[in-house]
Amino acid sequence: MLEVIILAAGHGSRMQSSTAKVLHLLAGQPLVSHVLGTAREVGAKRIHMVVGHDADAVQAVVTAPDVQCHLQQQQLGTGHAVQQAIHNCDSESTVLVLFGDVPLIHRDSLDEVIRAASSGMAMLSSHVPDPAGYGRVLRDAKGAFQGVVEERDATADQRRLSEINTGVLAAPAAAFCQYLERLTNDNAQGEYYLPEVLKLAREDGATVTVVQSDRALDCLGVNTPQQLEQLERLHQGALADQLMSQGVLIVDRLRVDIRGALHCGRDVCIDVNTVFEGTVTLAGGVSIGANCIISNSNIGEGAQVHPFTHIEGAEIKAGASIGPYARIRPGTVIDEVAKVGNFVEIKNTHLGRAAKASHLAYLGDADVGSKSNVGAGTITCNYDGANKYRTVLGESVFVGSNSTLVAPVTIDSGGFVAAGSTITDNVAPDQLAVARGRQRNVDGWRRPKKPEETD
């Protein structure tokens, strides 16, 4: 059985933030949530989260049936952190240690480390061009592993080594417990270093396997806002590359943000400064204009979303046209070849096939039949201050500009509402509804003047 210990107790003082470091967001999710997802991908049956700074907030994010939290009251090093959880692991388990601020480690790398742990201790290393800040892997003249030295304890020659310790290691739980109990804090930091268990294992003649990774993201952690931003861009670029390899046309891979799961068909085109949140599906041939935000929505084949449009919790069907500057809110369904134009807001509404709301309208809690047309300046008055009511328009209804539809109200198929009307009663099929004051022109009227004005 595989159990994973995730270290998430640190303050992260270099983030200069009151938020725990592992709760800062990467691609719309807390750093630690990415690590949790990876732990589950590699088959962890139980996950042990070591918490410390802002423990309540971290626990609130990670709480799940397969997660146990363990409090590290004093921050005495990574070895001390693992000690808080190791005795809760089954003695027959393989234990894998991950870090809550290293969010993008690849599961294939971890699979290699886990396999290697079947015969003893195993660790993950990587060669990096700038090893500053990392512990260095020490080897003998024949290349055999000797140990890990932290940078503050390293000599000048050792600091020039490029092979670094990622911190990830795995071992049988029983062996792990034995070596953790023998740790000392005789070092520059006065801390209990987790990598010392590797040195102890080697001294005992146990097998220590070093798995080398050539994936840059495997060892990139977050300690500063700058590192978080850099990791965000690297991650977003990698996600964009994956989509482009599937036939998605992305105008600028540096100006797209995927904060969840984006599923695309072929020949999808995504313009600059677009944000996708939650789970979004774009069918084949969809076009997303610049500066759009789309959250938890499905966009049908060939639909066009024009610039500066915000879509949340909606379904846009094939061939529809949305925007620019439209806002589509949760519970909305836009049927095939329907049109929603500029500065139109729609909420919890079904807009029928080939129906149109071309500009400057609000449709809330409404059902609009096929081929109906909603004129500019039209609003549905769906809220009386306590309850919401629906507005129903049949097929081929025409609503003139600047009309107010006071729900609950129904305009049957073929109904016509004159511009500027306030509709409070139902309209029968093919009726014309006129609900506005009669115009009166006053002869001889003179425009008011300010006191200082003279004729």
Side-chain angles (χ1 to χ4, degrees), residues 1-10 39 44 46-50 52 70 72 74-100 102 105 109-110 112-126 134-140 144-154 158 161 163-213 218-219 221:
M1 181 171 74
L2 176 67
E3 299 188 57
V4 173
I5 297 175
I6 299 175
L7 306 188
R46 286 195 296 180
I47 300 171
H48 302 270
M49 188 74 58
V50 180
H70 311 277
Q72 184 187 22
Q74 292 181 285
Q75 313 296 296
L76 301 178
T78 52
H80 178 257
V82 176
Q83 287 173 348
Q84 311 311 302
I86 192 66
H87 295 292
N88 294 276
C89 297
D90 190 290
S91 61
E92 301 297 319
S93 293
T94 295
V95 175
L96 171 70
V97 177
L98 301 177
F99 290 78
V102 183
I105 190 165
S109 299
L110 296 181
E112 288 188 58
V113 174
I114 294 165
R115 284 193 295 269
S118 63
S119 59
M121 304 289 294
M123 65 167 287
L124 184 68
S125 75
S126 180
Y134 292 98
R136 310 302 202 275
V137 176
L138 304 180
R139 296 179 180 272
D140 63 21
F145 173 80
Q146 288 186 306
V148 173
V149 60
E150 297 301 318
E151 185 169 66
R152 292 198 180 191
D153 300 304
Q158 289 170 340
L161 298 173
E163 186 179 11
I164 59 98
N165 170 35
T166 67
V168 173
L169 55 84
F176 229 145
C177 284
Q178 173 192 342
Y179 296 127
L180 285 167
E181 290 171 357
R182 293 164 54 188
L183 288 182
T184 66
N185 62 346
D186 184 19
N187 52 63
Q189 290 286 84
E191 294 184 350
Y192 296 90
Y193 290 150
L194 180 60
E196 284 296 298
V197 301
L198 300 166
K199 180 180 177 182
L200 293 171
R202 179 179 171 277
E203 291 173 352
D204 285 355
T207 300
V208 176
T209 303
V210 180
V211 175
Q212 290 190 11
S213 168
D218 278 353
C219 60

Using atom types as modelled and distance alone, determine if a side-chain donor or acceptor of Tyr193 lies under 3.5 Å from a backbone N or O of Val148. no

With a 4.5 Å cut-off on side-chain heavy atoms, are Glu150 and Glu191 touching? no

Determine yes or no for a side-chain-to-main-chain donor-acceptor pair under 3.5 angstrom, with Gln178 supplying the side chain and Ala174 the backbone. no

Minimum side-chain heavy-atom gap Met1-Glu92 below 4.5 Å: no

For residues Leu161 and Leu138, determine if any side-chain heavy atom of one lies less than 4.5 Å from a side-chain heavy atom of the other. yes

With a 4.5 Å cut-off on side-chain heavy atoms, are Val95 and Leu169 touching? no

Looking at Ser213, is its backbone amide N or carbonyl O close enough to the side chain of Ser126 to form a donor-acceptor pair, meaning the two atoms are under 3.5 Å apart? yes

Are any of the side-chain heavy atoms of Val102 and Thr166 separated by less than 4.5 Å? no

What distance separates Ile164 CD1 from Glu151 CD, expressed to the nearest 0.5 Å? 11.0 Å

Once you round to the nearest 0.5 Å, how far does CG of Leu7 lie from CD1 of Ile5? 7.5 Å

Output yes when a side-chain donor or acceptor of Arg202 lies under 3.5 Å from a complementary backbone atom of Phe145, and no otherwise. yes

Are the side chains of Leu110 and Leu98 in touch, meaning some heavy atoms are under 4.5 Å apart? yes

Any donor-acceptor N/O pair, Arg46 side chain to Ala44 backbone, under 3.5 Å: no

Min side-chain heavy-atom separation Val210-Glu163 under 4.5 Å: yes

For the residue pair Pro195 and Asn165, establish whether any side-chain heavy-atom pair is separated by less than 4.5 Å. yes

